[in-house]
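Notes to accompany the following structure.
Computed over heavy atoms, backbone and side chain alike; hydrogens, waters and symmetry mates excluded. Remember, it's a predicted structure, so these values are computed and weren't measured experimentally.
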Amino acid sequence: MNETEQPVEVNTVIPFGPQHPVLPEPIQLRFTIHQDKVVGVVPNIGYIHRGIEKACELNDYKKNVSLCERVCGICNFMHAMAYCEAVEELTDTEVPDRAKYLRVVWSELSRLQSHLLWLGLFADSIGFESLFMHIWRDREIVLSLNEKTSGHRIHLSTCAIGGVNKDMDKGLISEYKSGMELLERRIRELAPVFYKDRSVKDRTVGKGVLPKKRAMLLGAVGPTARGSGIPQDMRRLGYEAYSNLDFEPVVHDEGDVHARLLVRLEEVFQSIRLIKECLEKMPEGPVMNKNRRFPNGATVVRIEQPRGELFYNVMGNGTKRLRRCRIRTPTLANIPALVDILVGYDVSDIAPIVMSVDPCISCTER
Amino acid sequence: MTAQRIVSDGGVFLEKVRELRERDARFITITVIDCGDRIEAVYHFDTGSELVNLRLEVPKEEGLPSITSVYSAAFVAENEVQDQYKIKVSGLSLDLKGRMLKSDAPVLAVSIPSALEGGTQPTGRKLGRCRESCPAMVNVPKYVRQIAAGDIEGAYNTILERAPFPAILGRVCFAACERGCRQYRDERPVRCRLLKRYAADSLVQLKQRRERAKPTGKRVAVVGGGPAGLTAAYYLGLLGHEVTVFEKRGVCGGAMLAYIPRFRLPQNVLDAEIAARIEEAGIRVEAREVESLENLFRQGFDAVFVAIGAQKGLKLMIEGEDSPGVYDVMEILSEINVYGRRPEVGKIVAVIGGGDGAVDAARVCRRLGAESVTVFYRRSREEMPASLDQVEAAMAEGVDFMCLASPVRIIPGKPLKVVFQKMQLAQEKDEKGRRKPVPLPGSEFTIEADTVIRAIGQRVDLPKGFNLEVDERGFVATKDKAGATSMKGVWAGGDAVVRPKSVIEGIKEGRAAASAIDKYLGGSGIPEPVVDESELVPRPHDASEILGIEPATPKCLEPTVRIKGFDEVEGGFERDDATREASRCWRCDWNE
């Protein structure tokens, strides 16, 4: 650098969102930019806060199932399931075995469609439109299977306190099996693109690196944590039928955007395998036990959502209304990590890095 | 769920948190429970093998200590706690200052800019909503401020700049300014109309010292001494022209004199204010009927303003309309107002129509001793053009309203029999956007009445010799907003143009015509209102202060007392009430 070329000392502030083409959800990130490098980020959320935690205290505890379901569109089944698990524990309600397996099937289907949605959106954020279209075409398989059991493509509403309110007959189970096989075949065809394609690797390898130590300190969860080499997976707690299923968390050590991408891609295959295993092992029997008590006491439920650990802290006081229902969604836990990994990268990398933690603002704004 | 319990000791608590960090625990979140005066916060950590909960109890006012110095990721949860429970978390590394949950953003705090005592130079001035909604664009914010500061004379003169009859308007105006007020949607607008009345009523002498411009030597004739005519005469007189008002009654006032009942506008108020204006502007009043406009020009007038009003009542166009006992609303009202007679109306009166005239006639009839007065209107209440205040006052005085009824014929006799037909509103709308009434077949009914008063509208009774172009309904045709007519040098305004209107609209037209006439005679006209940047705001307040002030309500006569005579119904403000009411103004003209 010669003497005439002085470094520019002026910082620019760029607001990203609350409306942005890459992420059509209301979160604002205020970037301080120095010579095209991000030097500071201030997150700004809360645009659509809905007060669901408070509403849970005002409602009948049974009605809260559908309320919790609406915390998030994508992982609606898991929200209902976490809430039901908490209430079942507080009311000593035993869930029938068949219902436990069905719950796993539906949660893994939710994970499948969420990951496929994300893989498509991510391809879109790096400008890979044809990949985006392919992935979303395959996601339709999952959505139409959802429709066949519950009547809805996204909002299943099949979870209830004491079990599930829909059952699958033999015909449906075989349809599920063949659907899973078709999906696996299709994704296997597309998978090499994510592993090897230059246009994907150029945008992802070495971007937004989150070292393992830092990820633990910032409380990262889900694929964000597993992409940094932390074998953290709430399914290993063995809730529902997961204790009877055989699986290991998918872990990649690099901690960059590409690692998080591969974690999600491999979890797609893992989910397909888990669903098939469940459908094999599922016992016959009832799917619902009646519960006749009001919740009393306090309990914490943690389950693994597509985006990471979902935390429900439900407190009852022996009446039909709850004392407190605290919901901590995975995106909320990943915001500190998101803010951290953006610093030091180019403005053009912002979109894929933001997408790599899969922010779900609907969850965040409970 | 088990938790280690720590009561109100931030130091011990932070030590425990640090220990957890040593063990590589992951921070999950905080659950806060509101226990009245204190709060209970449970901090959740994951050590990889187990869930660790730390429970901290602190008084609400003390707030929570921040753990962001140990776990920086806690800023999300702590900011949320701060917003949800309105408590302080001290030592936050990234404090969003209560702006994380935007649904909680304070609304009122930003509405009114606070300023220092003693007033500051305002920024971003506007005309003000009240002023923009007033037909005559009276500087409402200014006079309201002057009343708040105790400058009554200043307030009166502020009104005079745009409208010459504050005392009259303070009683009869339909107060568009109040509907324009920002506080109208909270049903507590600043009562600008009554403040106007207060300013006029508390002056010792209505006549103000006004500088008349140098005489121009031009002569202007104003035909008709109603609100529009007098307004034009007043402003033209102030501009230095020699103005003569031709009023066939000999007493000025026009519709204000003849058709507004004395219980709304007392005679002495009307007379005093008109006399003051006539004196200020040096207006000459001639008690003479004008037959031809050419004659006026021949007599040496340079310009003419025609404001003859609309005195011909519309007919119902039904059988038996000319029977004895059927009156026009104009007849009854001017009988009482102008000639001071008390006509006999009998016990049962039916008024046909839905305008202010109909309601006034009904209220007058109650005072004349009628026991049952019913107003029949062919549309529904929503379409009724009469102002809501007047309808409510009439109902309090025992006037009945019957909507969706239209007369079919009148059978002469003693008492009269009136056959009505029920109506229903059709879906299609007329040119004014009102739904058209259509007869409901087979729904005729008959009522008996001693007197029937029709009040369905007025038309102009234009003398033959005027030679002015008229529109299809007989009103004087005008070419522009100022009211220029087909004849050179002749302007028209008030009820004689387009339709009968309110006093303030007449004033607006009189003023516009005065400005145009002045320009025609070589002057520069009356300047349009502009934002006065030089005016200082006497004492700005903040929102909470204004919202705390109770709106003042004037005293009104009890309905049972009212109907015994023609005393004024509505009372004015006392000094304290007026000052208080005026200080409720939000000053949105200052900076909205």
Side-chain angles (χ1 to χ4, degrees), chain A residues 18 26 28 41-51 53-54 57 86 89-90 212-221 225 230-232 234 237 297-302 309-315 323-340 364-366, chain B residues 1-3 17-18 20-35 39-53 55 67-85 92-105:
Chain A
Q28 188 188 45
V41 190
V42 177
N44 197 353
I45 54 174
Y47 287 95
I48 49 162
H49 180 73
R50 291 170 290 167
E53 281 184 15
K54 186 69 190 170
E57 291 170 31
E89 196 178 323
L90 295 180
K212 184 175 179 181
K213 201 81 180 150
R214 191 92 187 122
M216 284 171 88
L217 183 62
L218 290 175
V221 293
I230 305 171
Q232 176 218 80
M234 291 305 134
L237 291 173
T299 189
V300 167
V301 165
R302 293 188 292 161
E309 172 203 44
L310 173 69
F311 174 98
Y312 264 71
N313 185 355
V314 180
M315 298 178 193
R323 182 156 173 243
R324 183 85 172 85
C325 177
R326 170 72 173 157
I327 308 168
R328 203 290 322 264
T329 55
T331 306
L332 215 52
N334 277 334
I335 282 178
L338 169 65
V339 171
D340 196 69
T364 314
E365 312 281 23
R366 312 152 321 285
Chain B
M1 191 183 72
T2 53
V17 174
R18 250 176 235 119
L20 281 166
R21 164 135 187 216
E22 301 286 302
R23 287 164 59 195
D24 278 344
R26 176 171 63 91
F27 169 74
I28 300 175
T29 192
I30 313 170
T31 306
V32 173
I33 305 152
D34 196 339
C35 308
I39 54 163
E40 218 178 278
V42 186
Y43 290 72
H44 308 278
F45 298 90
D46 180 11
T47 58
S49 52
E50 56 166 353
L51 186 70
V52 178
N53 301 310
R55 184 185 299 257
I67 61 163
T68 44
S69 55
V70 189
Y71 282 99
S72 59
F75 79 90
V76 181
E78 287 181 348
N79 271 303
E80 197 182 32
V81 165
Q82 201 166 261
D83 286 11
Q84 279 180 335
Y85 292 90
L92 257 173
S93 64
L94 177 64
D95 192 350
L96 298 172
K97 301 212 166 56
R99 296 280 298 161
M100 177 159 155
L101 304 181
K102 282 152 194 78
S103 53
D104 269 1

Checklist entry - Side chain, backbone, both or neither: which part of Ala337(A) has a non-hydrogen atom closer than 4.5 Å to chain B? => result neither
Checklist entry - Given the options Glu309(A), Met216(A), Gln232(A), which has more heavy-atom pairs under 4.5 Å with chain B than any of the others? => result Glu309(A)
Checklist entry - Should Tyr43(B) and Val17(B) be marked as a side-chain contact (heavy atoms from CB on, under 4.5 Å) after you check the CA-CA gap, both sets of side-chain angles, and the distance that decides it? => result CA-CA 9 Å; Tyr43(B) 290 72; Val17(B) 174; 5.7 Å; no
Item to check | Test side-chain contact (heavy atoms from CB on, under 4.5 Å) applied to Val221(A) and Asn334(A), Thr329(A), Leu332(A), the passing residue | outcome: Asn334(A)
Item to check | Residues Leu217(A), Arg21(B); criterion side-chain contact (heavy atoms from CB on, under 4.5 Å); working and verdict | outcome: CA-CA 8 Å; Leu217(A) 183 62; Arg21(B) 164 135 187 216; 3.3 Å; yes
Item to check | Ile335(A) versus chain B, the contacting section by heavy-atom distance below 4.5 Å | outcome: side chain
Item to check | Heavy-atom proximity to chain B below 4.5 Å, by part of Lys213(A) | outcome: side chain
Checklist outcome for this item: Counting heavy-atom pairs under 4.5 Å with chain B, the top scorer among Pro231(A), Gly51(A), Gly219(A) is Gly219(A)
Checklist outcome for this item: Counting heavy-atom pairs under 4.5 Å with chain B, the top scorer among Lys54(A), Arg302(A), Arg323(A) is Arg302(A)
Checklist entry - Charged N to carboxylate O below 4.0 Å: is that the case for Glu40(B) and Arg324(A)? => result no
Next on the checklist: Assess the residue pair Leu51(B) and Ile28(B) against the criterion (side-chain contact (heavy atoms from CB on, under 4.5 Å)); give the C-alpha distance rounded to whole Å, side-chain angles, the decisive distance to 0.1 Å, and a yes or no.
Outcome noted: CA-CA 9 Å; Leu51(B) 186 70; Ile28(B) 300 175; 3.5 Å; yes
